[in-house]
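Notes follow once the structure below has been shown.
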Amino acid sequence: MPPTLASLVHHSALKLTVRAGEDRLDVPVRWAHVSELADPVPYMEGGELLLITALKLDAEDPKAMRRYVKRLVGAGVVGLGFAVGVNYDEIPKALVDTAAEEGLPLLEVPRRTPFIAISKAVSAAIAADQYRAVTAGFAAQRELTRQALADGPEGLLAALAAQVDGWAALYDTSGAVVATAPEWAGRRAARLTADVERLRDRPAPASSVVGGPDNEDRVELHSLGTGRRPKAALAVGTAAALGTAERYAVHSAIALLTLTTERSRSLQAAEQRIGAAVLRMLLAGQPDHARAVAGELFGALLDAPFRVILGEGTGADRDPLGGLAEVIESAAARSGEAVLVVPEGPQGLQGPQGAHPPERLVVLAVDGGAAVEACREYAAALEAERASADVREQGEDDEPVVGLSAPAGPSAAAAAYKQAEQALSVARRRGRVFVEHEQLAAGSVLPLLADDAVRAFADGLLRPLSEHDATGRGDLVASLRAWLSRHGQWDAAAADLGVHRHTLRYRMRRVEEILGRSLDDPDVRMELWLALKATAEAE
């Protein structure tokens with residue numbers, strides 16, 4: 001505890017006597033300051049015990065004393081020590097009465113007690129309090145370290161909550177609560193997700209203080225991590241502001257949690273190199289070798305159907321794939337899933353030490369698992385943002401484009417990678433953030449014709465027929481469309497056109513003559529039908 005006026009009064013060597021404010025002696029004293037100025041307030045910070053001899057004060061004037069004492073109280077001075085036997089043999093009644101009215105503790109300092117003795121007593125008490133706080137802080141650090149080694153982050157949070165007499169919570173990069181202590185704090189911690197997300201957007205290290213929901217408590221939020229993006233966040237809730245010992249405990253917890261939540265760069269690089277090797281072997285059709293290299297690190301991923309997620313960054317100045325990787329890895333970590341994340345540069349799969357952000361991100365994730373679902377939700381959120389705002393003007397090129405394969409096993413990894421590439425290509429062409437390969441199989445091929453190259457081919461193929469029709473010598477394009485739609489049935493197609501079947505036969509011969517192709521060839525029929533559909537979509 002810091003020194004108080006009461007502890008100074010009970011100090012046997014000081015011989016202080018209380019003359020006013022007996023009920024306010026429990027207030028802490030931050031410092032003892034000597035000043036004979038008529039107005040010392042500009043030099044006060046609050047919390048001081050002011051020591052005076054009234055050398056420049058008319059201490060017997062009630063009006064002057066009222067102004068003086070009011071100024072001291074307004075500045076946060078916690079007590080006034082008056083030395084008797086110097087300028088006044090006793091404390092003037094005007095000062096005693098005013099101090100009592102304003103509630104300012106007034107201490108009589110005997111002549112034989114020098115002011116420096118009081119200053120030393122205050123300083124020694126403050127130093128002792130700080131030493132106790134530091135000692136308690138080191139003890140807390142040892143306890144937190146022991147709990148972290150024994151029980152991981154959960155044990156550390158429990159020890160921290162006990163140290164600060166409050167609660168603590170750990171969040172991942174998405175703002176989701178990972179662990180809390182005590183357990184009853186889980187609901188309270190979940191209400192702070194929005195504050196954690198705002199903290200995540202600031203460069204690490206970052207911290208903020210927020211009022212608890214419904215003013216339940218005071219909550220400190222701290223980002224965890226040493227990189228540009230925080231790896232996690234810590235919340236500490238208490239009834240009041242933290243003291244020195246509690247502050248030491250929180251800082252120790254931040255350091256320990258940073259060590260447990262952010263692996264060393266060398267370890268990350270090693271894991272990513274293993275992941276890249278496993279992926280290369282899978283794509284090369286060597287699942288047995290891939291399984292042997294994967295070991296316990298990625299082996300569980302190869303024991304069940306997985307999906308290939310292929311992300312492509314389109315921003316030149318930013319790393320649009322960083323957010324996608326964090327979402328996938330955080331979801332996998334929360335659910336205990338194995339996930340393989342490998343960046344891909346211009347020369348193929350690369351390690352984590354590339355000088356520039358990867359052009360692509362290759363991910364192997366458990367089919368039906370949390371990582372795949374988190375990828376879907378992340379893409380859906382980006383799509384919603386694009387739909388609700390003019391994102392194109394704000395830098396749509398900084399968004400990732402993602403393709404997802406169908407479920408596959410180790411022996412079909414190359415085919416799954418190809419599927420993810422196809423889905424990615426369609427997403428890019430359609431201006432979408434996310435496309436699943438299964439959606440392509442379940443949909444129609446016609447949207448794929450919405451491409452300038454396809455339309456140019458269709459226009460070139462049908463142009464001779466359109467030019468013929470423009471002369472008024474027949475309606476070959478409409479006749480061809482009707483005949484193909486009826487699968488070459490003359491009577492049905494002629495009825496649709498309202499002409500005789502012999503007229504339709506003549507027109508189809510003219511189509512063959514103009515195009516120089518036989519309508520008996522199924523490939524020709526297919527190309528003409530797709531060309532007609534492509535031009536119809538353009539119209």
Side-chain angles (χ1 to χ4, degrees), residues 1-41 43-62 64-136 240-241 243-246:
M1 288 290 293
T4 63
L5 292 176
S7 66
L8 295 177
V9 169
H10 292 115
H11 196 298
S12 59
L14 299 180
K15 309 295 183 182
L16 304 178
T17 304
V18 182
R19 295 303 183 193
E22 296 86 349
D23 58 339
R24 300 192 178 186
L25 298 181
D26 59 346
V27 62
V29 178
R30 291 182 54 198
W31 198 246
H33 181 67
V34 180
S35 176
E36 299 293 352
L37 295 175
D39 183 14
V41 167
Y43 305 97
M44 300 289 105
E45 294 182 350
E48 297 92 354
L49 169 63
L50 181 61
L51 305 175
I52 66 172
T53 64
L55 182 64
K56 296 183 178 181
L57 292 176
D58 187 357
E60 296 177 339
D61 183 353
M65 288 301 94
R66 188 170 293 109
R67 289 193 300 269
Y68 181 74
V69 171
K70 283 182 176 291
R71 289 275 291 165
L72 296 182
V73 172
V77 173
V78 298
L80 182 63
F82 192 100
V84 296
V86 182
N87 292 313
Y88 293 90
D89 292 334
E90 60 182 21
I91 303 177
K93 184 176 183 302
L95 179 56
V96 174
D97 292 344
T98 302
E101 292 173 3
E102 297 296 330
L104 178 67
L106 178 61
L107 307 181
E108 181 181 296
V109 182
R111 184 178 179 84
R112 64 179 179 271
T113 301
F115 284 168
I116 193 171
I118 300 174
S119 297
K120 284 184 176 180
V122 171
S123 178
I126 291 175
D129 181 63
Q130 291 177 340
Y131 178 77
R132 285 192 296 271
V134 171
T135 302
T244 304
E246 291 82 5

Worksheet item: E48 side chain to G46 main-chain N or O, any donor-acceptor pair under 3.5 Å?
Response: yes
Fill in: L55, CG: over 12 other non-hydrogen atoms inside 6.0 angstrom
yes
Practice prompt. Report the distance from atom CD1 of I91 to atom CG of L106, rounding to the nearest 0.5 Å.
Written response: 4.0 Å
Item to complete: Answer yes or no: is there an ion pair linking E108 with R19, defined by an N-O contact shorter than 4.0 Å?
Response: yes
Discussion item. Does S35 form a side-chain contact (heavy atoms from CB on, under 4.5 Å) with I52? I'd like the steps, not just the answer.
Written reply: CA-CA 6 Å; S35 176; I52 66 172; 5.7 Å; no
Discussion item. Nearest 0.5 angstrom please: L80 CG to L95 CG, how far?
Written reply: 6.0 Å
Worksheet item: Per the side-chain contact (heavy atoms from CB on, under 4.5 Å) rule, which among F82, Y88, Y68 passes with L57?
Response: Y68
Practice prompt. Name all residues meeting the salt bridge (Lys or Arg N to Asp or Glu O under 4.0 Å) criterion together with R24; count only those two or more places apart in sequence or in a different chain, and write none if there are none.
Written response: none
Worksheet item: Rounded to the nearest 0.5 Å, how far does CG of L72 lie from CZ of R67?
Response: 13.0 Å
Worksheet item: Are any side-chain N or O atoms of S7 and backbone N or O atoms of P3, one a donor and one an acceptor, separated by less than 3.5 Å?
Response: no
Discussion item. If you count every heavy atom of other residues, nucleotides or ligands that lies below 6.0 Å from E90 atom CD, does the total exceed 12?
Written reply: no
Discussion item. Would you say that more than 12 heavy atoms from the other residues, nucleotides or ligands in this model lie under 6.0 Å from the CD of E45, or not?
Written reply: no
Worksheet item: Between the side chain of T113 and the main-chain N/O of V109, is any donor-acceptor distance below 3.5 Å?
Response: no
Worksheet item: Taking atom types as modelled, is there a side-chain donor on N87 or T53 under 3.5 Å from an acceptor on the other?
Response: yes
Fill in: Contact check, side chains of L49 and L5, non-hydrogen atoms, under 4.5 Å
yes
Worksheet item: Between R66 and T98, what is the shortest heavy-atom contact and its length?
Response: CA-CG2, 3.5 Å
Discussion item. A side-chain contact here means heavy atoms from C-beta on lying under 4.5 Å apart; do V77 and H33 qualify?
Written reply: no
Fill in: Electrostatic pair K70-E102, nearest N-O below 4.0 angstrom
yes
Worksheet item: Can you tell if the side chain of T4 reaches within under 4.5 Å of the side chain of V27, non-hydrogen atoms only?
Response: no
